[in-house]
Amino acid sequence: MKFLQLQETLRETVRVTARNEFDIELENVGSEIPPKTELGDVAFPIAFELAKKIKQTTGEKQNPREIAEKLKAALEENEAVERVEVAGAGYLNVFFNRAKFLIESANAEPLPKLKSSENKTSPKVCVEHTSVNPNKAAHIGHVRNAVLGDTFVRILRAIGKRVEIQYYIDNTGVQVADVVIGFTNLENMSLADIKNLDEKLAAENNSFDFYCWDLYAKVGLAYQTDEELKAKRAEVLHLIEEGNNPTAELADYVVTRNVQCIVATMERFGIRYDLLPRESEILHLHFWKKAFEEMQKREVIKFETEGKNAGCWVMPFELHSGNDEHDADKILVRSNGTVTYTGKDIAYQMWKLGLLGLDFYYNLFHTYAGGKQVWITTAEDLQSENVPEFGKNETVYNVIDSRQSYPQEVVKKGVATIFPEKGEAASVHLSYEMVALSPSAAEELGFVISDEDKQKSFIEMSGRRGLGVKADDLINRLEANALKEVEARHADLSVEEKQKTAHIIAVGALRYFLLKFTRNTVIIFDFKEALSFEGETGCFCQYSAVRANSIFRKLSEKGEEVSNFKEQISDAKKIAEIFNAVDGNEIWSVLTLASRLEETVSQAAMAIEPALLAKYTFQLAKAFNLFYHNHKIIAQENPIKRHVLVAVADITRRSLTSALNTLGIEVPERM
RNA sequence: GCACCCGUAGCUCAGCUGGAUAGAGUAUCUGACUUCGAAUCAGAGGGUCACAAGUUCGAAUCUUGUCGGGUGUACCA
């Protein structure tokens, strides 16, 4: 809608007037939403600032109210503006022409369809998220990562960006080695045995990643007493990295099966990927070697010949001053010649930004329902056809929890040091705080909590300890609860419809629960709160949209279609009377709130904060519920008022639906 | 030690680049289904915005300090 543009136009008017009348250049003109509709639709507390600046430049003392009067006249020239009031010590409160606004909004899209997201030549950005190690099932912490990443993707697309979604597969890390050791040493299984087990699990309706979850925890436990087993880890890790041997083959099977499970889990939450880049290819296709050469050529790393880092290649840093215990420099190549994770990450980041000069080979990994494809990298050229163009991104957003902000800083600064022409702005760490368990939630999961842990306000989840809420378990519980509610309300629906509805509600509940917290808030997981369908929840927002839709279903049954109403919304004078009536402000405030979606999405994109959109969606749903209770639409007798109410309800439900979809939440038919 | 994050109602959290009377949800209490759907709505109580100083027309928001909590600071990933 045109709320955003109107606000920008008014801002420009303020800027121009300040220049012409007072010879003052205003860089950014702040605006705010007045606390009450009665105080206007947008306010500029700019006169105070102008008074100060005039005094600074000319020494002349001017009354803010007089300054505001001059701006008021200029703002009132805009025909979308009904009037401007100067309030308090110098607030400029702008009131829009309500009837005109409604007429224009009735036919506008809540989020304008932007062509550039489909334009193949416009610059592309990359969002990398999920990054669950492929050795176990995903837990709720991983889901926070994926939901944040996925929602940010939807926000970027809504503002017209082309986006590439990657899930990095760390298939040569120690976690994978640990599970491999579990299979080969604790369970004495061969690859064939594992395949048999996999089939058996599938037949029993158990999943491979859940099995690995338990096995990984067992290995962790065994390490505590079995030094010999722990020593085996380095050996297995080396074999996996090297490739082309039975251990690597076994590891590859385990990894691929886990990735399949995790991709399927995420699909349940509406999360899909474009590409799964694997660490093994970064090694085998010599990405690191190329990056290393580039760093040497540009002289941004040095070989230490003495001191405690002797024999290592390091990247010098002044990130933090460093002291006796901790070095300021970051080791990229160990003294034994192997590359650290951060080193590999720099090479990967270079590739993502199109700076490496090398590329992967690709193979189709999976085709989603509806035909969308997800690709995986390979080390050999498999002559795949119709491979999309990956990499070469303008900007890269890495969704990684805040505990990794130091290595992320190294990657960002590292790449920027190697390629000053690209700069630091191209690498964005989309950082967020972890999901932890309250001691009581951990006990509820059946874990024995130490006295020390009981004292803590929260307990970190740990794959190694098998401590965590598994994503599939949680969504299963949510679906079961939702199904009970749907059955109680809509017994007449078919089983499929009930299940589909329960699924949509469950996803809405979980996604909203994870998105309503701002990124740097630690979520202390609480079952009661996460499982709730009441209050500030996704379900609340969905319910609001469902009720709105049911009004239009009823209207449609009576043969009244929305398009007819739009045509009848034309008589500005009569519409104005409705808005000027006692309950006019209430109707108007829902309309203006519904018109702020585009602005909110753009704010969420700028601030990289999906919670802004989640909060807005809830506010809008709440405003609609109030409107719904106070105004009977179908029964409304005054025809003009009825048209206005229908138009406002329609604009609101479309905005609400768009907002929810941008959060990855669907609106069911009935619930 | 150093770096980053956090401290707002009993609890869980919002509060945008400083702006009008600090807001939600939840919990507690009270009311509303013969109505376009009660997974809803209305009302009540509940605050020294950790503490102190500073910046200014104006501070929960910015600066500094103090206290309390978290995370990181690996030749782990």
Side-chain angles (χ1 to χ4, degrees), chain A residues 28 30 32-36 39 43 45 48 51-52 64 87-91 93 131 133 170 172-175 279 308-314 319-328 330-336 338-342 344-345 401-407 409 431 433-434 436 456-458 460 482 485-486 488-490 505 516-518 520-524 526 528-529 532-537 539-540 542-544 546-548 550-555 600 603 606-607 609 611-612 614-615 618-619 622 625-626 628-636 645 649 670-671:
Chain A
N28 38 16
E32 57 171 294
I33 297 155
K36 280 180 174 178
L39 293 170
F48 310 109
K52 196 191 289 178
Y91 277 97
N93 292 341
S131 43
N133 279 315
D170 186 3
T172 59
V174 285
Q175 288 91 341
E279 187 174 72
K308 68 189 187 91
N309 291 341
C312 300
W313 283 91
V314 304
L319 278 177
H320 54 131
S321 50
N323 57 24
D324 295 346
E325 278 177 74
H326 301 293
D327 213 323
K330 182 72 195 170
I331 292 165
L332 299 185
V333 182
R334 304 180 187 106
S335 54
N336 66 5
T338 56
V339 190
T340 62
Y341 182 85
T342 306
K344 284 180 267 190
D345 215 12
D401 78 79
S402 64
R403 285 170 292 189
Q404 294 200 50
S405 43
Y406 173 67
E409 195 66 11
S431 146
E433 281 289 347
M434 64 180 141
K456 292 183 180 172
S457 55
F458 63 83
E460 247 182 88
E485 300 286 338
V486 174
R489 283 157 233 254
H490 302 284
I505 293 168
K516 73 176 176 182
F517 297 93
T518 50
N520 54 10
T521 299
V522 178
I523 298 180
I524 298 167
D526 178 81
K528 192 164 166 268
E529 231 183 296
S532 171
F533 293 139
E534 284 166 19
E536 193 192 345
T537 62
C539 183
F540 177 99
Q542 289 170 321
Y543 186 64
S544 178
V546 166
R547 290 210 296 195
S550 85
I551 295 173
F552 287 86
R553 195 173 49 237
K554 286 262 157 68
L555 283 172
T600 306
Q603 276 172 358
M606 290 270 284
E609 183 54 272
L612 286 176
K615 292 282 175 189
F618 174 65
Q619 265 196 319
K622 210 159 50 122
N625 278 342
L626 183 64
Y628 180 91
H629 273 270
N630 292 346
H631 305 276
K632 296 289 171 253
I633 295 170
I634 294 177
Q636 177 56 240
L645 292 176
R670 285 159 207 266
M671 62 187 284

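Letters go in sequence order (proteins before strands), and every chain restarts at 1.
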Show your working on side chain to side chain contact (heavy atoms under 4.5 Å, CB included) between A/K516 and A/F618 and close with a plain yes or no. CA-CA 9 Å; A/K516 73 176 176 182; A/F618 174 65; over 6 Å; no

Once you round it to whole Å, what is the distance between P of B/U12 and CZ of A/F458? 13 Å

CG of A/D170 versus P of B/C76: gap in Å, rounded? 14 Å

Mind checking if A/A436 touches a base, just sugar-phosphate, or nothing, with heavy atoms under 4.0 Å? nothing

Work out how far the C1' atom of B/C57 is from that of B/G72, and round it to whole angstrom. 42 Å

Approximate separation, where rounding is to 0.5 Å, of A/I633 CD1 and A/Q636 CD: 9.5 Å

Would you mind classifying the nucleic acid contact of A/S457 as base, sugar-phosphate or nothing, using non-hydrogen atoms under 4.0 angstrom? nothing

Donor-acceptor contact below 3.5 Å, side chain A/S532 vs main chain A/E529: no

Could you tell me how far apart A/E409 (CD) and B/C2 (C1') are, to the nearest whole angstrom? 15 Å

Please measure how far the C1' atom in B/A22 lies from the corresponding atom in B/U48, and state the result in whole Å. 13 Å

Please classify the nucleic acid contact of A/Q404 as base, sugar-phosphate, or nothing, using heavy-atom distances under 4.0 Å. base

Take atom P in B/A3 and the same atom in B/G45, then report the distance between them in whole Å. 46 Å

Side-chain contact check for A/T521: nearest option of B/C13, B/U71, B/A77 is B/C13

Classify A/P407 by what it touches in the nucleic acid, base, sugar-phosphate, or nothing, heavy-atom distance under 4.0 Å. base

Does B/C13 count as syn, meaning its glycosidic angle lies within 90° of 0, or as anti? anti

Pairwise P distance for B/U26 and B/A42, with rounding to whole Å: 11 Å

Cut-off 3.5 Å, side chains only: do A/T518 and A/T521 have a donor facing an acceptor? yes

Considering only the C1' atoms, how many Å lie between B/C51 and B/C67, rounded to the nearest integer? 7 Å

Look through every strand shown and name the nucleotide pairing with B/G7 as Watson-Crick or G-U wobble, where both distances are under 3.5 Å. B/C67

Assign A/T338 to base, sugar-phosphate, or nothing according to its heavy-atom contacts below 4.0 angstrom with the strands shown. nothing

From CD of A/E529 across to C1' of B/G25 the rounded distance in Å is 9 Å

Rounded to whole Å, please give me the gap between CZ in A/R334 and C1' in B/A74. 10 Å

Take the angle between the ring planes of A/F48 and A/Y91 and call it parallel below 30°, perpendicular above 60°, tilted in between. perpendicular

Strand partner of B/U21, provided both Watson-Crick or wobble distances fall under 3.5 Å: none

Between A/K615 and A/E536, is there a side-chain N and carboxylate O pair less than 4.0 Å apart? yes

Checking the side chain of A/T340 only, and the main-chain atoms of A/I331 only, is there a donor and an acceptor separated by less than 3.5 Å? yes

Rounded to whole angstrom units, what separation is found between the NZ atom of A/K516 and the P atom of B/U12? 13 Å

Earlier contact from the 5' end, RNA chain B, for A/I523 and A/V339: A/I523

Are any side-chain N or O atoms of A/D401 and backbone N or O atoms of A/M434, one a donor and one an acceptor, separated by less than 3.5 Å? no

Rounding to an integer number of angstrom, what distance separates B/C49 and B/A59 when you compare their P atoms? 12 Å

Taking atom P of B/U71 as reference, at what distance in whole Å does atom CD1 of A/I524 sit? 11 Å

Any-strand Watson-Crick or G-U partner of B/C75, both distances under 3.5 Å: none

According to the Watson-Crick and G-U wobble definitions, with both distances under 3.5 Å, which nucleotide is paired to B/U40? B/A32

Taking OP1 and OP2 of B/A77, is either one under 4.0 Å from a side-chain nitrogen or oxygen of A/T172? no

Within this structure, what is the NZ-OG1 distance for the pair A/K344 and A/T172, rounded to the nearest 0.5 Å? 4.5 Å

Gap in Å between the two C1' atoms, one belonging to B/G23 and one to B/A9, rounded: 10 Å

If the cut-off is 4.0 Å, is A/N520 near the phosphate of B/C5, judged by side-chain N/O to OP1 or OP2? no

Between A/E609 (CD) and B/C13 (C1'), how many Å, whole number? 13 Å

Ignoring hydrogens and geometry beyond distance, is the side chain of A/S335 in donor-acceptor contact with the base of B/C75 at under 3.5 Å? yes

Can you check the distance between B/C33 and B/A24, where both ends of the measurement are the P atom (answer in whole Å)? 25 Å

Nucleotide by nucleotide, nucleotides 17-23 of chain B touches protein heavy atoms under 4.0 Å in the pattern (B base, S sugar-phosphate only, - none) B-BBB--

Please report the interatomic distance CD(A/E279) to CG(A/N133), rounded to the nearest 0.5 Å. 9.5 Å

For B/A14 and A/T518 - does any side-chain N or O of the residue sit under 4.0 Å from the phosphate oxygens OP1/OP2? yes

What's the spacing between A/M671 CE and A/F533 CZ if we round to 0.5 Å? 8.5 Å

I'd like to compare against my own output: the B/S/- annotation of nucleotides 34-46 of chain B with a strict under-4.0 Å heavy-atom distance to protein. -BBBSBBSS----

Take atom CZ of A/R334 as the centre, draw a 6.0 Å sphere, and report whether it contains more than 12 heavy atoms from other residues, nucleotides or ligands. yes

